[in-house]
Amino acid sequence: MTISAEEALAGVQSVIAAYAHAIDAGDAGSVADLFTEDGVSEIAGQGTFEGRAAIREAYGAFKPQAPQLHLVGNTVLTSPPGEEVTATSNLVFYARGEQGWAVQLVGDYEDTVALVDGAWQFRKRVTSFR
């Protein structure tokens, strides 16, 4: 199957957006389902979680204590388009407190995303902070 750069980027952006919505909702099961069975989530300062069960458990511990919002942008493919691609994105994380919304951190995602049974999934997501 030939995948254009536009199709690959749209798939990557879709799985990234689904991840942001799921993590902000505190839905660890949906976050885990966005990864391949053997997927890896590596988060600076938190650890490396391998496989859906470990990812589900780890993200279950990250449940929001207050309203939060992950804004992800500037996503670019860093490999040729295909059924597996790499991409990099910028991240800004906001939380709402007594004084309103405030930036909590800024970082980057380095993703390996694969097309598995017609759905784009993370094979590996590395989160770093600036």
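All values below were derived from every heavy atom in this structure, side-chain atoms included, with hydrogens, water molecules and symmetry-related copies excluded. Nothing fancy with the numbering, it's 1 onward along the sequence.
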*asked:* I'd like to know if the side chain of Ser41 pairs up with that of Tyr59 as donor and acceptor (distance under 3.5 Å, no hydrogens or angles considered).
replied: yes
*Please tell me if the side chains of Val31 and Tyr19 come closer than 4.5 Å, counting only heavy atoms from C-beta onward.*
yes
*Would you call Phe93 and Leu71 a side-chain contact if the rule is heavy atoms closer than 4.5 Å?*
no
*Donor-acceptor under 3.5 Å (Lys63 side chain, Gly26 main chain)*: yes
*Answer yes or no: is there a donor N or O on one side and an acceptor on the other, between the side chain of Gln68 and the main chain of Ala66, under 3.5 Å?*
no
*Are Trp101 and Val103 linked, directly or through other ILVMFWY residues, by side chains that come within less than 4.5 angstrom of each other?*
yes
*At what distance, to the nearest 0.5 angstrom, does CG of Leu77 lie from CD of Gln13?*
8.0 Å
*Looking at Asp33 and Arg56, does any basic side-chain N land under 4.0 Å from a carboxylate oxygen?*
yes
*asked:* I need the minimum non-hydrogen distance between Phe129 and Ala44, along with the two atoms involved.
replied: CE1-O, 3.4 Å
_Quick check on the hydrophobic clustering: are Val106 and Leu69 connected, directly or via other members, by side-chain heavy-atom contacts under 4.5 Å?_
yes
*Pair Arg130 + Asp108, salt bridge at N-O below 4.0 Å*: yes
*Can you name the nearest heavy-atom pair linking Pro80 to Val85, along with the distance?*
O-CG1, 3.6 Å
*Would you check, one step at a time, whether the test side-chain contact (heavy atoms from CB on, under 4.5 Å) holds for Leu115 with Glu84?*
CA-CA 6 Å; Leu115 185 58; Glu84 182 170 294; over 6 Å; no
*Heavy-atom distance under 4.5 Å between the side chains of Arg123 and Val113, does that happen here?*
no
*Do the side chain of Thr48 and the main chain of Glu42 share a donor and acceptor less than 3.5 angstrom apart?*
no
*Can you name the salt bridge (Lys or Arg N to Asp or Glu O under 4.0 Å) partners of Glu37, sequence neighbours left out?*
Arg52
*same_hphob_cluster(Val72, Val76) at 4.5 Å side-chain heavy-atom cutoff*: no
*Sole residue of Thr112, Asp111, Thr36, Asp38 in side-chain contact (heavy atoms from CB on, under 4.5 Å) with Lys124*: Thr112
*Decide whether a cation-pi geometry holds between Arg125 and Tyr109; the criteria are a distance under 6.0 Å from NZ or CZ to the six-membered ring centre and an angle within 45° of the ring axis.*
yes
*asked:* Quick check: closest heavy atoms across Ile16 and Ser89, and the distance to 0.1 Å?
replied: CD1-OG, 3.6 Å
_Whether the Thr88 and Glu110 side chains hold a donor-acceptor pair (N or O, under 3.5 Å, no angle test) is what I'd like checked._
yes
*Please report the shortest heavy-atom distance between Phe35 and Val40, naming the atom on each side.*
CE2-O, 3.5 Å
*Are there more than 12 heavy atoms of other residues, nucleotides or ligands under 6.0 Å from atom CD of Glu7?*
yes
*Donor-acceptor pair, side chain of Ser79 and main chain of Thr86, under 3.5 angstrom*: yes
*asked:* Check for me, please, whether Val126 and Leu34 land in the same ILVMFWY cluster - side-chain distances under 4.5 Å, paths through other members count.
replied: no
*Search all heavy atoms of Ala32 against all heavy atoms of Ile55 and return the closest pair with its distance.*
CA-CG2, 3.9 Å
*Are Ile3 and Val12 connected in the hydrophobic side-chain network, where two residues link if heavy atoms are under 4.5 Å apart?*
yes
_Distance (rounded to the nearest 0.5 Å) between Leu91 CG and Thr127 OG1_ = 7.5 Å
_Heavy-atom pair with the smallest gap, counting every atom of Ser30 and Ala22_ = CB-CB, 3.9 Å
